[in-house]
Each structure stands twice: as structure tokens, then as C-alpha cells.
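Some notes on the structure that comes next.
A note on names: the letters A, B, ... follow the listed sequences, proteins ahead of strands, and every chain is numbered from 1.
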Protein chains: 2
Amino acid sequence: MNEPRWLSPDEMRAWLGYRRLRNLLDARIARDLTEDAGLSEQDYDVMSNLSACEGRRTGVGDLAARLRWSHSRLSHHLTRMEKRGLVAREEHPGDARGAIAALTPAGWAALREAAPGHVASVREHLMDVLTPEQVRVLGDVAEAVLARLGQRT
Amino acid sequence: MNEPRWLSPDEMRAWLGYRRLRNLLDARIARDLTEDAGLSEQDYDVMSNLSACEGRRTGVGDLAARLRWSHSRLSHHLTRMEKRGLVAREEHPGDARGAIAALTPAGWAALREAAPGHVASVREHLMDVLTPEQVRVLGDVAEAVLARLGQRT
DNA sequence: ACCAGGTATGTGACACGTCAACTAACGGGT
DNA sequence: ACCCGTTAGTTGACGTGTCACATACCTGGT
């Protein structure tokens, strides 16, 4: 690798814009969520995935796969959420290695309470600022990049 | 707020895609950078900003503004980078409150060494996967959202 | 000269994520 | 029945980011 192909002005604008977007948009949406529901985005992701499962519970490994999180990350996060009473760990019947993560009634209530505000926050700061065409392209971009990284859609 | 306007399928796709993109793309690019240069993306951002300043040094507050970082975040990060010899703090002549962050020769060398590989990584995982039109729209999206958040371009 | 309020920066506690190492249990071949 | 490799999940150390607070210094009105 002698002379690298530097980024074009458009590419540089997109890259720096993306980095800045990531920093500021996420900070803002996270702050909204924390302030009106006392949850982090991670909490929300975990709980909304659990809420979509049979009986609002599923295996820890399965949950990690849905979230595309490392097992370690999820394990640490479940420990923190368990302390706050949002989720509970249960034994896996039939495979003593396995563990089940279950949404507690308190967690389920917190999620339902947080959802409308969270959606409104995403709308206000992101969707309502974009044209439908831009929304579509953003989805395409994510899909293309993730496909290249070898992930499922 | 009674019935929230939920996200449309396109919006949901864009939002979840964005979240997943953020997790996976950044992890990948960060890993590349760490492996071939021993730097984090944050290190790279700090150093590339410093390298664009007069004398490769500037006030800590000014640097925080360029990066759109909180002062606290930058202060913590400078402390860590200082330990590794990448930057140095200097006194501000004329205002004893102020501090100057300066790129050390070692930091400057590390940055020049890291740059080509980092650019290649961004190309490989992001730019080369997108059409020029998608790159342009991504830049537009970032600009629109950041403008709404009250930030400068 | 003094002090009130603002400015520039640092620090400590804690939440979050990664990596690597660890424990425990399953399961197939002998 | 007993290994051995694989699988599921946890843990500890450490880097990173936030918030709240502390500190030091400047500056303008009195």
C-alpha cells in the first residue's frame, strides 16, 4: 500500500457527517429516553426484543443473536438490569448450561410506558427531518453495509 | 400524548438499520484501526484535528468544540493519551485557566502511519459498498439531522 | 481593592463494552 | 463408563463516556 486512495469531498462529508450524527443524535435520543423513562437505549433494545418473544422470555444466546450483541455484553447488561428488577434470569429446563432471560412485570410496564415517548423522540430528531426518499436510502445504506459485513438483514 | 404515531415499515427499517450499522460498522473499523495502528477512533479523531491546527496544538476548549465533545470527555481522553505519549498538555500563555493540547512528535508519527490503513478501512467497509448517490444522500441526511439538533455543519 | 458571577478545566463515581480467561455441562466416540 | 472437544454463559480487568461537582482563574461593577 503506497499511495492510498484518499476520500473524495463527498465521501469525507458523508463519513464525518456519519460520525457526528452518531455522537449527537444518539446522545440526544438516549437523553430523552433516560429523562422520561429512566431507561437507556440498551435497556430498551433488550426489553423490546424480549417483549416480542413467546412468554416474553427467551434463551440468553438467542437474545444475543437477535440483538447482534456479544454474549459478554449481554451478560453484563442483564446483570445490571436484573438488579433494577427489569428482567429476571431463569434456569433452562432440559439444558442446565442454558439460561433464560425473562421480562418481569415491572420491565414490561416500563417498556410500555417508555415506548410512545421513545418513538416520538426518534420521529422528532430523525424521521421528521428527512424526506421519505432519504429514509428509504438510509435503510438501503444500512442494508448494503451490513450485507457486506456478513450479517443478516 | 394518547396514540403515538408509530414508525412506518420504511422508517422502522431505517431506524433499526441505523442502530445495527452503528454497532457493527464502528466495531469493525475500530478493530482494524486498533490492530494495525494501536489507536482507537477517538485517538484518531483527536490527533487528526490537532494536526490541522497551527503548530499542531490548540486550546482544549477549542478542540472540544471542533470535535463536538464534552469538555469532560476530552479531558479524560487527553489524560489517557498523555500517558501514552501521543499528546502533551501545555500552559496557555496569557490565560492561566486555559490549557493547550499539543500533538507530540510520536503522536504525529503515529497519525501519519495510521492514516492510509484507516482510510482503506473506511473505503472497504463503507464507501466501496455504496453508490455515489447513496454517499451523497448519507451526507445530506447527516447534515439535515445535525442542523435540526442546532449544530454547525 | 474587592467580590460576584462567569469561564476553562479537572476529577470521581458510575454505566457501558471488549477481550480473554474461566466454569459448567452436553454429547459422541472408544 | 470415561474422555474430549464443543457449547452456554459468567467474570475481571480495563478503556471509554456521562453527570455532577470541584477548582482555579478572569473580569467588570462598586
Nearest-Å distance for atom pair [atom1]/[atom2], residues [X] and [N]:
X	N	atom1	atom2	value
E35(B)	dC19(C)	CD	C1'	12 Å
E91(A)	dG9(D)	CD	C1'	13 Å
E90(A)	dA8(D)	CD	P	19 Å
L74(A)	dG9(D)	CG	P	9 Å

### Task
Do nucleotides 4-9 of chain C as a string where each nucleotide becomes B, S or -: B if the base has a protein heavy atom under 4.0 Å, S if just the sugar-phosphate does, - if no protein is that close.
--BBSB
### Query
Could you write nucleotides 12-20 of chain D as a row of B, S and -, 5' to 3', where a protein heavy atom under 4.0 Å of any base atom gives B, of only sugar-phosphate atoms gives S, and otherwise -?
BB--BSBBB
#### Entry: Check: E11(B) and L138(A) side chains under 4.5 Å, non-hydrogen atoms
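Of all side-chain heavy-atom pairs linking E11(B) with L138(A), none is under 4.5 Å.
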### Message
Side chains of W15(B) and V119(A), heavy atoms from C-beta outward: is any pair under 4.5 Å?
### Response
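A side-chain contact is absent here, since even the closest heavy-atom pair is not under 4.5 Å.
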Restricting to non-hydrogen atoms, name the atom on [X] and the atom on [Y] that form the minimum distance, rounded to 0.1 Å.
X	Y	result
A64(B)	H71(B)	CB-CD2, 3.7 Å
L25(A)	L126(A)	CD2-CD1, 4.0 Å
T104(A)	L86(A)	OG1-O, 3.0 Å
L33(B)	A114(B)	CD1-CB, 4.3 Å

### Query
Any idea how Y44(B) and H118(B) line up, ring-wise: parallel (<30°), tilted (30 to 60°), or perpendicular (>60°)?
tilted
#### Entry: By ring-ring contact (aromatic ring centres under 6.0 Å, His included) - contacts of W69(A) (at least two apart)
H77(A)
